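A quick note: this is a predicted structure, and the numbers were derived from the prediction, not measured. Note on naming: letters A, B, ... go to the chains in the order of the sequence lines (proteins, then strands), and numbering restarts at 1 for each one.
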2 protein chains.
Amino acid sequence: MKNKIDIQQNEITDFSDPCTLPCPIERGMRIIGGKWKGSILWYLKDGPIRFNELTRKLRGASKKMVNQRLKEMEEMDLLERKVLSTKPFAVAYEITDFGKSALVFLEQLKDWSLENNI
Amino acid sequence: MKNKIDIQQNEITDFSDPCTLPCPIERGMRIIGGKWKGSILWYLKDGPIRFNELTRKLRGASKKMVNQRLKEMEEMDLLERKVLSTKPFAVAYEITDFGKSALVFLEQLKDWSLENNI
DNA sequence: AAGAGTGGTTACCAAAAGTAAACTAGTTGA
DNA sequence: TCAACTAGTTTACTTTTGGTAACCACTCTT
């Protein structure tokens with residue numbers, strides 16, 4: 001995870017960097033709000049999932065996309081990539097504690113979606 | 001707001017249309033998750049705001065962007081555009097009940113951001 | 001009359017994001 | 001040996017997004 005820059009204390013205002021955005025909602029959205037990110041985290045909540053399985057669940061997303069998102073989310077410490085020493089080898093993606101902390105509000109988003117027929 | 005298509009009952013799977021996405025989290029994200037949308041709604045929660053004021057608050061967003069987002073959000077019934085008959089004329093943007101219903105989880109997102117130093 | 005503020009619109013351009021399809025390389029079962 | 005599955009990577013292409021800057025009509029202040 002990138003270091004946060006305290007925008008109260010200095011004048012760095014590079015708005016292309018999510019960490020310098022003034023609004024915490026905006027900063028949060030840049031972490032969790034990307035295309036597919038929320039869904040991926042949601043699918044991971046019940047246990048590790050393997051790459052192809054995840055791609056199938058996220059119907060409509062290409063392999064490249066899924067892989068890109070997974071890499072980003074691993075860098076942000078939302079999930080972990082684990083290579084299983086099975087034969088043939090497999091890779092499982094597992095949610096981290098930080099990732100789990102985001103589930104609270106993803107659950108609310110899900111409820112909001114369903115309640116409002118979105 | 002677009003009509004929801006019941007994906008349980010038919011086989012329409014146009015994934016470019018948010019409404020046909022299988023995951024409610026993904027559908028919700030397409031409504032509220034865009035760049036600046038969350039912040040705009042958050043700034044509107046304490047009362048109507050005028051265009052230029054909003055643009056100034058959203059430091060880093062261009063007039064064009066703000067206007068685009070406002071139009072989208074008006075179409076989605078998240079907010080209302082009201083022309084005030086003052087001289088010179090002014091425009092105020094006001095949050096709707098539907099918009100207010102999203103504030104619950106935006107608040108959670110804000111807390112999550114602050115708790116995790118995002 | 002000039003300058004600033006209101007709320008935008010427009011044109012142009014660059015960069016980012018997303019897509020399908022082919023390809024890799026190793027393993028396994030028929 | 002061949003097809004299929006694992007987890008991707010690469011390519012080539014199209015689409016979307018976003019940014020700057022100029023412009024507009026109107027009004028108010030100086």
Side-chain angles (χ1 to χ4, degrees), chain A residues 13-18 20-21 23 26 29-40 43-44 48-76 79-94, chain B residues 13-18 20-23 26-27 29-40 43-44 48-76 79-94:
Chain A
T13 46
D14 171 12
F15 293 118
S16 63
D17 174 9
T20 65
L21 288 165
C23 176
E26 206 54 43
M29 277 295 189
R30 305 289 168 101
I31 302 293
I32 202 67
K35 217 172 175 179
W36 308 114
K37 280 182 179 178
S39 309
I40 289 176
Y43 288 133
L44 255 58
I49 301 189
R50 288 158 64 175
F51 180 77
N52 279 345
E53 196 188 341
L54 192 59
T55 307
R56 278 190 297 266
K57 276 179 189 269
L58 295 169
R59 299 199 307 138
S62 65
K63 284 173 143 199
K64 185 187 156 197
M65 274 276 296
V66 176
N67 200 35
Q68 244 171 44
R69 290 290 164 264
L70 287 171
K71 275 181 184 168
E72 287 170 23
M73 293 172 73
E74 199 195 349
E75 255 184 73
M76 291 191 284
L79 50 83
E80 265 186 292
R81 181 180 183 274
K82 290 187 170 172
V83 181
L84 310 175
S85 55
T86 53
K87 285 194 174 188
F89 88 107
V91 177
Y93 292 89
E94 196 172 355
Chain B
T13 45
D14 172 11
F15 293 118
S16 63
D17 174 9
T20 64
L21 288 165
C23 176
E26 206 54 43
R27 296 199 303 277
M29 277 295 190
R30 306 290 168 102
I31 302 294
I32 202 65
K35 216 172 173 178
W36 308 115
K37 280 183 180 177
S39 310
I40 290 176
Y43 287 134
L44 257 58
I49 302 189
R50 287 159 63 177
F51 180 78
N52 279 343
E53 198 189 337
L54 191 59
T55 306
R56 279 190 297 266
K57 276 178 191 268
L58 295 168
R59 298 199 308 138
S62 65
K63 284 171 142 199
K64 182 189 153 195
M65 274 276 296
V66 176
N67 202 33
Q68 245 172 44
R69 290 291 164 261
L70 287 171
K71 274 183 186 168
E72 287 170 22
M73 294 172 73
E74 200 195 347
E75 256 184 73
M76 291 192 284
L79 49 82
E80 264 186 291
R81 182 181 183 273
K82 289 187 172 172
V83 181
L84 311 176
S85 54
T86 52
K87 283 190 175 184
F89 89 106
V91 178
Y93 292 88
E94 196 173 352

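Across all strands, K35(A) comes closer than 4.0 Å only to sugar-phosphate atoms, never to a base (heavy-atom distances).
Under 4.0 angstrom from either OP1 or OP2 of dG8(C) there lies at least one side-chain N or O belonging to R81(B). Contact annotation: R69(A) side-chain N/O to dG18(C) OP1/OP2 distance is under 4.0 Å.
Side-chain contact between L58(B) and M65(B) is absent, with no heavy atoms from C-beta onward closer than 4.5 Å. You'll find the side chain of I40(A) stays beyond 4.5 Å of the side chain of K57(A), heavy atoms only.
Partners of R81(A) according to the side-chain contact (heavy atoms from CB on, under 4.5 Å) rule, which considers only residues two or more places apart in sequence or in another chain, are E74(A), V83(A), V91(A), Y93(A). With sequence neighbours excluded, no residue forms a salt bridge (charged side-chain N to carboxylate O under 4.0 Å, His left out) with K35(B).
The distance between atom NZ of K82(B) and atom P of dG8(C), rounded to the nearest whole Å, is 15 Å. Distance CZ (F51(B)) to C1' (dT9(C)): 10 Å, rounded to an integer number of Å. Separating the NZ atom of K63(B) from the P atom of dG8(C) is a distance of 9 Å, rounded to the nearest angstrom. E53(B) has its CD atom 13 Å from the C1' atom of dT6(C), to the nearest Å. Rounded to whole angstrom, the span from the CZ atom of R50(A) across to the C1' atom of dT27(C) amounts to 12 Å. Atom CG in L84(B) sits roughly 15 Å away from atom C1' in dG8(C) (whole-Å rounding). When the P atom of dG18(C) is taken as reference, atom CG of L70(A) falls 14 Å away, rounded to whole Å. We find that CD of Q68(B) is positioned 13 Å from C1' of dG8(C), with the value rounded to whole Å.
Boundaries of the chain A contact region on DNA chain D are dT6(D) to dA12(D), first to last in 5' to 3' order (nucleotide atom under 4.0 Å from a heavy atom).
Counting only heavy atoms from C-beta on, K64(B) has its side chain closest to dA11(C) among dG7(C), dG8(C), dA11(C).
In this structure, A61(A) and T55(A) approach most closely via the heavy-atom pair O-CG2, 4.0 Å.
Remark: R30(B) qualifies as a cation-pi partner of W36(A) under the 6.0 Å distance and 45° angle criteria applied to the six-membered ring.
A donor-acceptor pair is defined here as one N or O able to donate and one able to accept, closer than 3.5 Å; no such pair exists between the side chain of K37(A) and the backbone of R69(A).
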